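Just so we're on the same page: letters track the sequence lines, and every chain starts at 1. Only a predicted model underlies this, so the values are computations on that prediction, with no experimental measurement involved.
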Number of protein chains: 2
Amino acid sequence: MVRKTKEEAEQTRKEIIHAARRVFHEYGVSRSTLEKIAKAAGVTRGAVYWHFQDKAELFFAMREDVFAPLVERTDAYLLSERFDNPLDAIEASITEFFRVLEDSAVVREVFEIMISRCEYVGEFSSVEEEVGRPAQDFLAKIERVYRQAAERGMLRPGIDPLDAARDTWAFTSGLLHLLLSCQRGSDLSQQVSAMIRVHMAMRRITPS
Amino acid sequence: MVRKTKEEAEQTRKEIIHAARRVFHEYGVSRSTLEKIAKAAGVTRGAVYWHFQDKAELFFAMREDVFAPLVERTDAYLLSERFDNPLDAIEASITEFFRVLEDSAVVREVFEIMISRCEYVGEFSSVEEEVGRPAQDFLAKIERVYRQAAERGMLRPGIDPLDAARDTWAFTSGLLHLLLSCQRGSDLSQQVSAMIRVHMAMRRITPS
DNA sequence: TTATAAACATTCATGAATGTATGTAAATAA
DNA sequence: TTATTTACATACATTCATGAATGTTTATAA
C-alpha cells in the first residue's frame, strides 16, 4: 500500500526523524546508514529519500525540531520583566535550560548527538556556525541583563557586566559539556541547580 | 627499497601519526581512510597496518602523544609549592593550559579533532572515559588547592571550596569548548587570559 | 470518471573502504 | 655467509553504502 494521505505522509516524516535520532545516538551520525534509519522507522530507503535529500538534510531537520523551541523557552525567562532582580532572570533561564535537559530524553539525545556523536566537517561544518550563533547570542543577551543589574545596583561592586557575562557564558557551556560527555556515574546531574545558584550568588550583592 | 633500519622504522611510525593528525583534522576521523593517511605520510596502507592494528589504535597513539605531557605540565603548576597563594597556582595552571593551546598548533589540532571531528561510539566510546578521567581528576585537584586557600584565609569568605572548584571546573571546560568550536572571527582567544584573571579575582579576598 | 501526481518500495550499478594474503628486498643475527 | 626476520608494498576478495532509476499503488483534482 502506498500513496498515503497528506497527514499520514507527515506522520511518516516525523517517524523518520525520530528514528534518525535514535539511530544517530546509538551508532553516531557517520555510521548511521539510511538503511538502518529507514528500518528503524518501519519504511524503506525510498521513503527517506522522498522526504529528505540526504543524511545531512535529515540531520538538520532533527536538530531544528528540538533546538528552536528550546531557545524560545529560555529566552522567555531571560527577557522576562517579572523579575525584580535581573540576576534572577539569568539564573531562572539557565536553570530552565538544564531542567529541560534533565527532563526530556529527546532533548538530551539530540544534544548528545551534537556534542559527541557527530563530526563537524564537510556538509556538517555549517552546523558549528548554527550552534555557534545561539551561543554568541546568549553572550550578548546576558551581557545586557548584567548591565541592567549593574545599573540597578544589584551586581556586586567591582564586577564588570561584560566580564560577568563572559564568565557565565563559559560556565554554562562547560556545565553542558561536562554533563553530557563525562557523567559516568558521577552525581553531577544532581548538583546542577546548586552549581547555578552558587555561580550566580558569587556576583550578587551582600553574599551572606 | 624496504626493510629500513630500526630508527628509520620509528621515524615512519611518527610520520604516520603526524599525517593521521592532519588528515583527521581535515576530513574528520570517520572519513579519514587509511589510504589517505598513508598517502599523506608518503607510504602505503601496508605500512600503516604494519605499525597499527587499525584506525582506532592509530587514533589513540596520536592522542596519547599530545595529552600526557600536557597534563604533566599543568599539574606542575597546580601542585607547585612556590606560590604563596594557592589561588595563584590554580590561575597559573589554567593560564598555562590555554597558553599551550594558543601556541602549539599540534595541540590545538588534536583538541579540535577530539571535540568536533570524532564520534564517540563503538571502538571510540572508551575515549570519552579516557578524557573524562583527567577532567574528573582536575576537579579533585583544584578542590584540594581551594581547600588549602580556604585554610590559609585566602579564599573569599562565604565561598565553599568544593563549590568554587566545581565552578572553576565548568568554567575551564566551557572556555575550552567555546574557544575551539565557535571562535569564527570572534576575538575570544585574545580575551582568554583576562577571563581567567577575572574568574579567579571573584574568589579572592579584598577584590579592589 | 479519469488522468495525474503523490508517496512510497524495489532494483541496480557503482565506488569506496576494509582486512588479509602474499610478494620482496634489505637489515640483522647466527 | 647464510638463514631469518623486519618493514614495508602490492594485489585481491568482500562487504557495504550511496544515488539513481524504475515500478506500484492510491489519493486527489478536474
Side-chain angles (χ1 to χ4, degrees), chain A residues 1-62 113 117-119 121-124, chain B residues 1-62 113 117-119 121-124:
Chain A
M1 67 213 59
V2 259
R3 178 53 179 163
K4 315 277 183 63
T5 176
K6 254 193 194 314
E7 300 82 41
E8 286 173 316
E10 182 58 25
Q11 178 62 23
T12 66
R13 194 191 121 96
K14 286 188 176 172
E15 271 170 29
I16 291 173
I17 289 183
H18 294 338
R21 175 166 34 77
R22 295 198 303 273
V23 176
F24 283 158
H25 189 265
E26 181 170 358
Y27 298 97
V29 173
S30 62
R31 290 180 183 182
S32 293
T33 138
L34 294 185
E35 172 72 25
K36 273 184 199 164
I37 294 174
K39 217 162 243 174
V43 295
T44 69
R45 270 172 56 237
V48 177
Y49 274 107
W50 174 258
H51 287 284
F52 307 94
Q53 204 167 16
D54 51 19
K55 208 204 285 184
E57 199 182 303
L58 176 52
F59 177 88
F60 290 134
M62 176 208 71
I113 291 167
R117 288 160 165 84
C118 176
E119 299 177 6
V121 288
E123 332 83 278
F124 295 99
Chain B
M1 70 215 54
V2 262
R3 179 52 180 161
K4 315 277 183 62
T5 175
K6 251 191 196 320
E7 297 84 41
E8 286 174 316
E10 181 57 25
Q11 178 63 21
T12 66
R13 193 191 122 96
K14 285 189 176 171
E15 272 170 28
I16 291 173
I17 289 184
H18 294 339
R21 176 165 33 77
R22 296 198 303 272
V23 176
F24 284 157
H25 189 265
E26 182 170 357
Y27 298 98
V29 173
S30 62
R31 290 180 183 183
S32 293
T33 139
L34 294 185
E35 172 72 26
K36 275 185 198 161
I37 294 174
K39 218 163 241 172
V43 295
T44 68
R45 271 172 54 239
V48 178
Y49 274 106
W50 173 256
H51 286 284
F52 306 95
Q53 205 166 15
D54 51 19
K55 208 205 282 185
E57 197 181 305
L58 176 52
F59 177 88
F60 290 136
M62 176 209 71
I113 291 167
R117 288 160 163 85
C118 176
E119 298 177 7
V121 288
E123 331 84 278
F124 294 98

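Salt-bridge check for B/Glu35 with B/Lys39: passed, with a basic side-chain N closer than 4.0 Å to an acidic carboxylate O.
Straight-line distance from the OH atom of A/Tyr49 to the C1' atom of C/dC12: 14 Å, rounded to whole Å. The separation between B/Trp50 atom CH2 and C/dT22 atom P is 16 Å, rounded to whole Å. Across the protein-nucleic acid pair, B/Arg45 atom CZ and C/dT20 atom C1' stand 9 Å apart, rounded to whole Å. Distance, B/Glu7 CD to D/dT6 C1': 13 Å, rounded to whole Å. The CZ atom of A/Phe52 sits 15 Å away from the P atom of D/dT18 (whole-angstrom rounding). With rounding to whole Å, B/Ile16 atom CD1 is found 10 Å from D/dA7 atom C1'. Note: CD (B/Glu10) to C1' (D/dA7) measures 13 Å, nearest angstrom. Rounded to whole Å, atom C1' of C/dT18 lies 15 Å from atom NZ of B/Lys36.
Nucleic acid contact class of A/Lys55 (heavy atoms, under 4.0 Å, all strands): sugar-phosphate only. Residue B/Thr44 is classed as a base contact, given a heavy-atom separation below 4.0 Å to a base.
Distance from the side chain of B/Lys6 is smallest for D/dA7 among the nucleotides C/dA7, D/dA7, C/dA9. Here D/dA9 is the nucleotide among C/dA9, D/dA9, C/dT18 with the atom lying nearest to any side-chain atom of B/Val43. Here the side chain of B/Ala9 is nearest to one of C/dG19, D/dA7, C/dC8, namely D/dA7. The side chain of B/His51 approaches D/dC8 more closely than any other nucleotide in the set D/dA17, D/dC8, D/dG19.
Using a 4.5 Å cut-off on side-chain heavy atoms (C-beta onward), A/Glu119 and B/Tyr27 make no contact.
Side-chain atoms of B/Gln11 and B/Glu7 include no donor-acceptor pair closer than 3.5 Å.
Taking only side-chain nitrogens and oxygens, B/Thr33 comes nearer than 4.0 Å to OP1 or OP2 of C/dT18. Taking only side-chain nitrogens and oxygens, A/Thr5 comes nearer than 4.0 Å to OP1 or OP2 of D/dT28. OP1 or OP2 of C/dC8 sits under 4.0 Å from a side-chain N or O of A/Thr12.
Of the possible polar contacts, one joining the B/Arg117 side chain to the B/His25 backbone as a donor-acceptor pair under 3.5 Å is found.
Put simply, CD on B/Gln53 and CZ on B/Phe60 are 11.5 Å apart, with the number rounded to the nearest 0.5 Å.
In this structure, A/Val48 and B/Leu34 both approach DNA chain C, and ranking their closest nucleotides by distance from the 5' end singles out A/Val48.
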